[in-house]
Amino acid sequence: MAEDRSGDLGPGHLWMEGKTLVELRADQERPTHMPRGPAKRTGPGFLNPAMAPARTRSVLLMADALEHDWLVKPDHDLRALDALCATGVRVRRWRNEIPDEHQHRLRITANDLDKVALVQLKAAHERHPPSVAVGHAVEDDRYEREPQGEMHNGLFVMQNDARITLMEAAYQWVDLDPFGSPVNFLDAAIQGLSRTAFLEVTATDTAALTGSSASSQHRRYGAKGIVDSYAHDDAVRVLLGLIATTAARHDRCIEPVLALFDGHHVRVSVKVRRSRDGASDVLNSMGWRVRQANGTYRFVHHPSPEEVERASGPLWIGPLWDRDIAGRMTQERVVAVCSPSESELHAHRAVGLVWSDADQEYAQRELRRSVRYIAEAADLMSREHTLYHMDDLPNMAGTGQAPKMEALFAALHEAGFAAARVPDIDPFFVTDAPFPEVMATTCALVGSSTD
Ligand SMILES: C[S@@+](CC[C@H](N)C(=O)[O-])C[C@H]1O[C@@H](n2cnc3c(N)ncnc32)[C@H](O)[C@@H]1O
């Protein structure tokens, strides 16, 4: 029987994300190269270009896992599921952009409830196939019942409730990218993971995560927030806290690899391991952020009654990133993995991609931006540090103005401390220098306001 392609809206117009050709609906405007913020959703098959940097980082992390064997043993396959894949740009990017030498180890499943989105995924993948043909058979031995889906050119496509797909077979890599909050999917995602696995979660309900919507934060995340300079970091830690405690309930522990507040969403990527002892230890990494009189904060396991008003939590107070993995996410690496070669670009143009040299320059700039500051901050973000908002420094130090960030870093480095900018829409930095040192250095650079 011929496959039902009634949702195929035709090729629409072509766009390129990373080095993958993407078919946008004819009525979706050509994205700018620097889309920001939540996009207006215009119906099934709408692609949110503002999520491109998160998809780019996902490609880099998966390539890194295969190259450095930190998730599955060398030569073993990696089973990856995008549980809410929509038109499948992420899975198609995994298939197109992970270096060829690793493709044969990758088994990719794409799932979504939306039939029209899946028809578009299959049509785009057929019209613009990956350069390496991967001939995986359907792994029906891994499913308790016959899997409802079809193999399409190296992608196994399923139309299911994500919670069912997540529970039906064990995946080593799961991506959860829902509209809004991921809470409804977390239990199923954690339970469905294999013994050692990797979970990437997006949450766009930033009002709830930061605490600017206190009741949603309390309902969904069981947390209380304070909307100040630390709200972005709190949002990341509240989501990590929920993932850690959910994992612990299923005898698993987490190790964060990358966790970012990326404008209108939070995205966290964690290793998840089955370990009763590790799960029991999770409370050591849960706590509260208590604001201090000097404008900074300290983490505590339990705030005292007097501290509760100045405290946000419960949240994850452990390390946020993996030093080595995040340290390899450099701008050179992203261009090497995700930017098309001249011949790939030529081939894309030959099938109708309208892409000027300026487009290519902007696209490369955007790729670099998606990992900007990550490698440099990797060491500090994986150990104890203090976070500062640049705009708070003048008040904290009584200087009336802030020094240039580069000058401050140079002075702190000179004094033997580490300091680095954090990837965030706001100018944040982290350092291991003690508070008096940061204040003295700020004063030395810009003078105190009473000078
Ligand atoms: C934000 S979109 C995913 C975007 C996609 N990951 C990407 O990068 O382009 C969320 C998707 O979740 C799907 N969805 C919502 N609830 C679902 C459920 N219970 N099971 C499966 N898919 C669901 C929607 O159809 C939608 O396509």
Side-chain angles (χ1 to χ4, degrees), residues 7 9 12 15-18 20-25 28 31 35 37-62 80-98 108-125 128 147-149 155-169 171 173-189 191-192 198-206 239 260 262-269 338 366 370:
L9 304 171
W15 176 251
M16 186 167 60
E17 194 181 292
T20 300
L21 281 182
V22 175
E23 294 181 345
L24 298 180
R25 286 165 40 139
Q28 179 170 352
K40 192 164 168 286
R41 191 170 165 234
T42 55
F46 170 76
L47 173 84
N48 185 355
M51 290 297 194
R55 289 186 284 260
T56 295
R57 290 188 290 269
S58 173
V59 171
L60 286 188
L61 285 170
M62 191 178 277
L81 167 70
D82 188 348
L84 306 154
C85 70
T87 52
V89 177
R90 187 188 319 277
V91 288
R92 292 191 52 238
R93 289 195 61 186
W94 287 342
R95 222 6 132 208
N96 286 325
E97 298 175 31
I98 303 285
I108 301 177
T109 300
N111 177 78
D112 202 283
L113 260 184
D114 182 347
K115 174 173 168 270
V116 176
L118 294 180
V119 167
Q120 286 177 254
L121 182 171
K122 291 181 252 184
H125 195 54
H128 309 290
Q148 302 296 302
L155 299 178
F156 187 62
V157 182
M158 300 175 90
Q159 187 193 352
N160 233 334
D161 189 304
R163 286 161 286 205
I164 295 175
T165 299
L166 284 160
M167 302 280 284
E168 256 183 354
Y171 294 93
W173 190 293
V174 166
D175 197 292
L176 272 190
D177 178 14
F179 292 123
S181 171
V183 290
N184 291 339
F185 299 102
L186 266 185
D187 259 302
Q191 277 174 277
F198 194 65
L199 176 65
E200 295 205 272
V201 180
T202 305
T204 57
D205 58 337
T206 50
L239 181 58
L260 297 174
D262 193 355
H264 73 294
H265 71 276
V266 174
R267 173 98 171 152
V268 301
S269 308
C338 300
E366 191 59 6
S370 64

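For ligands, and for the atoms within them, numbers begin at 1 and follow the listed sequence. The residues of the chain are indexed from 1 along the displayed sequence.
- Heavy atoms of Val89 come nearer than 4.0 angstrom to ligand 1 in no pair at all.
- Using bins of under 30°, 30° to 60° and over 60° for the plane-to-plane angle, the ring pair Phe198/Trp173 lands in the tilted bin.
- Note: no N/O pair closer than 3.5 Å links Asn111 and ligand 1 by distance alone.
- Here Arg92 does not pair with Asp82 in a salt bridge; the nearest charged N to carboxylate O distance is not below 4.0 Å.
- At a cut-off of 3.5 Å, with distance as the only test, a side-chain donor of Thr56 or Arg93 sits close to an acceptor on the other residue.
- The shortest N or O to N or O distance between Leu113 and ligand 1 is below 3.5 Å.
- Considering only heavy atoms from C-beta on, Asn160 stays 4.5 Å or farther from Leu113 through its side chain.
- Residue Thr87 has no nitrogen or oxygen atom sitting less than 3.5 Å from a nitrogen or oxygen atom of ligand 1, judged on distance alone.
- Ligand 1 has at least one atom lying under 4.0 Å from a heavy atom of Asn160.
- Heavy atoms of Met51 found under 4.0 angstrom from ligand 1: none, in either backbone or side chain.
- Annotation: Phe185 places no N or O atom under 3.5 Å from an N or O atom of ligand 1; distance criterion only.
- Residue-to-ligand polar distances place Leu84 within reach of ligand 1: an N/O pair is separated by less than 3.5 Å.
- Checked for salt-bridge contact, Arg267 and Asp175 meet the test: a charged N lies under 4.0 Å from a carboxylate O.
- For Cys85, the heavy-atom gap to ligand 1 drops under 4.0 angstrom.
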